[in-house]
There are 2 protein chains.
Amino acid sequence: MKENSERIMISVKVKNSRSAACSKEMPCKIPSSYKISPDTVEKVKAVMNEDVSDTVVLLKALSDPIRLRILKALRISDFCVCVLVELLDCEYSKLSYHLKLLKEAGLIECKKEGCFLIYHLTELGEEMLESVEKLF
Amino acid sequence: MKENSERIMISVKVKNSRSAACSKEMPCKIPSSYKISPDTVEKVKAVMNEDVSDTVVLLKALSDPIRLRILKALRISDFCVCVLVELLDCEYSKLSYHLKLLKEAGLIECKKEGCFLIYHLTELGEEMLESVEKLF
DNA sequence: TAAGTATTTCAAATATTTTTGAAATAATGA
DNA sequence: TCATTATTTCAAAAATATTTGAAATACTTA
């Protein structure tokens with residue numbers, strides 16, 4: 001083992017051979033300036049186990065220009081689909097697809113009013129939009 | 001025109017014909033309970049013109065489980081690629097792809113240390129991660 | 001300089017998301 | 001009931017994003 005590097009044991013097995021590149025069986029040498037304590041490894045492992053799927057669904061719902069525009073419009077006022085079609089200059093079926101994603105993410109809801117569907121932001125939707133605007 | 005509905009003029013032209021469904025040439029009737037003032041239309045139009053592309057790039061960068069995990073790991077400590085490979089159990093080239101996206105979004109940066117690349121969160125990266133965690 | 005290692009890049013294969021247009025559904029009013 | 005209209009659904013097409021593995025690059029050290 002060289003003086004200015006050190007092997008770290010993150011995974012299970014360590015071989016003595018030096019032939020292979022950094023891998024599960026042969027963890028790489030890391031520069032001595034970046035010693036990683038077992039404690040750090042434990043912390044990271046704990047975080048890696050956290051479930052991020054809800055977060056991802058929400059962020060994905062937000063990360064589209066059409067969907068952001070829908071949310072921004074609905075913050076100004078509730079609108080039925082046919083008005084959103086005009087305001088966003090977007091075909092019905094396309095808009096419908098994006099409305100569905102936003103609804104599934106819990107960012108918007110709708111209620112029937114005659115033969116119209118009026119969409120509005122949920123509380124989550126308002127919160128998310130607000131913090132998105134704050135950040136960017 | 002029927003009593004309990006009203007035509008709105010969002011786009012340019014309005015025909016008198018009633019034959020077509022709601023479209024640019026023939027805006028739909030909206031329920032009378034949802035009158036839309038010209039003022040509201042103006043507000044929405046102004047918002048529709050806002051550029052959301054930077055926001056979208058950032059949100060897209062964040063909306064992936066691998067990338068969120070990379071950020072979460074880097075919040076605990078800076079790491080070189082070979083260690084991230086272990087911690088995230090992710091192939092080099094795959095990881096490299098995601099690191100590139102995060103770098104392009106301005107969420108992480110790296111510095112050379114010997115033949116190692118040590119990645120770390122940028123200030124933006126820390127902020128974003130923090131607010132993502134606050135929200136979800 | 002040569003050999004070894006860490007990381008990226010590239011192109012092809014896959015997977016996922018979005019768009020499109022037609023058809024289905026559901027509510028309304030005549 | 002029938003015709004109309006608002007909206008969704010569906011499947012195919014198109015566009016994007018991700019994964020994969022091999023090769024290239026670049027740094028280090030012997």
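Excluded from the calculations below are hydrogen atoms, water molecules and symmetry mates; all remaining heavy atoms, backbone and side chain alike, are included. Proteins get letters first, then strands, A, B, ... in listed order; numbering begins at 1 in each.
Rounded to 10°, the helix from C:dT1-D:dA30 to C:dA30-D:dT1 has 20° between the axis fitted to its first five pairs and the one fitted to its last five.
A continuous path of Ile, Leu, Val, Met, Phe, Trp and Tyr side chains, each step under 4.5 Å between heavy atoms, connects A:Leu59 with B:Leu124, placing both in one hydrophobic cluster.
Put simply, CG on B:Leu102 is 15 Å from P on D:dA17, counting in whole angstrom units. Atom-to-atom, NZ of A:Lys111 to P of D:dA6 comes out at 19 Å; the value is rounded to the nearest Å. Atom CD in A:Glu113 sits about 15 Å away from atom C1' in D:dT7, given to the nearest Å. The NZ atom of B:Lys60 sits 10 Å away from the C1' atom of C:dT18 (whole-angstrom rounding). As rounded to whole Å, 15 Å separates atom C1' of C:dT25 from atom OH of A:Tyr92. Atom CD of A:Glu104 and atom C1' of C:dT16 are 15 Å apart (whole Å). Distance, B:Leu95 CG to C:dT9 C1': 14 Å, rounded to whole Å. Rounded to whole angstrom, the span from the OH atom of B:Tyr119 across to the P atom of C:dA6 amounts to 15 Å.
When the salt bridge (Lys or Arg N to Asp or Glu O under 4.0 Å) test is applied to A:Arg75, the partners found at least two apart in sequence or on another chain are A:Glu133. Under the rule for a side chain to side chain donor-acceptor pair (under 3.5 Å), the partners of B:Asp51 that lie at least two apart in sequence or sit in another chain are B:Ser53. Taking the salt bridge (Lys or Arg N to Asp or Glu O under 4.0 Å) definition, one finds that A:Glu50 meets it with B:Lys72, sequence neighbours left out. Not counting sequence neighbours, the partners of B:Lys43 by the side-chain contact (heavy atoms from CB on, under 4.5 Å) test are A:Ile76, B:Asp39. Checked against side chain to side chain donor-acceptor pair (under 3.5 Å), B:Thr40 has the following partners two or more places apart in sequence or in another chain: B:Ser37.
Residue contacts for A:Leu101: at a heavy-atom cut-off of 4.0 Å it reaches the sugar-phosphate backbone alone, with no base atom in range.
Closest contact between the side chain of B:Leu117 and the listed nucleotides C:dT18, D:dT8, C:dT8 involves C:dT8.
Of the residues near DNA chain D, B:Ser63 and A:Cys110, the one whose nearest nucleotide (by heavy atom distance) lies more toward the 5' end is A:Cys110.
Distance alone, capped at 3.5 Å, places no donor-acceptor pair between the A:Arg67 side chain and the A:Leu62 backbone.
Within 6.0 Å of CD in A:Glu91 there are 12 or fewer heavy atoms belonging to other residues, nucleotides or ligands.
Going from atom CG of B:Asp78 over to atom CG of B:Leu117 covers 12.5 Å, rounded to the nearest 0.5 Å.
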Expected rows: protein N/O vs nucleotides 23-27 of chain D N/O, under 3.5 Å:
| residue | atom | partner | partner atom | Å |
| --- | --- | --- | --- | --- |
| D:dC27 | O3' | B:Gly114 | O | 3.3 |

Mind listing the N/O atom pairs, protein and nucleotides 19-21 of chain D, below 3.5 Å?
| residue | atom | partner | partner atom | Å |
| --- | --- | --- | --- | --- |
| D:dT19 | OP2 | B:His98 | NE2 | 2.4 |
| D:dG21 | N7 | B:Ser93 | OG | 3.2 |
| D:dG21 | O6 | B:Ser93 | OG | 3.4 |

Taking distance alone, no hydrogens or angles, what donor-acceptor pairs closer than 3.5 Å link side-chain atoms of residues 103-110 of chain A to residues at least two apart or in another chain?
none

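Summarising the hydrophobic clusters (Ile, Leu, Val, Met, Phe, Trp, Tyr; side-chain heavy atoms under 4.5 Å, direct or chained), the residues clustered with A:Leu101 are A:Tyr97.
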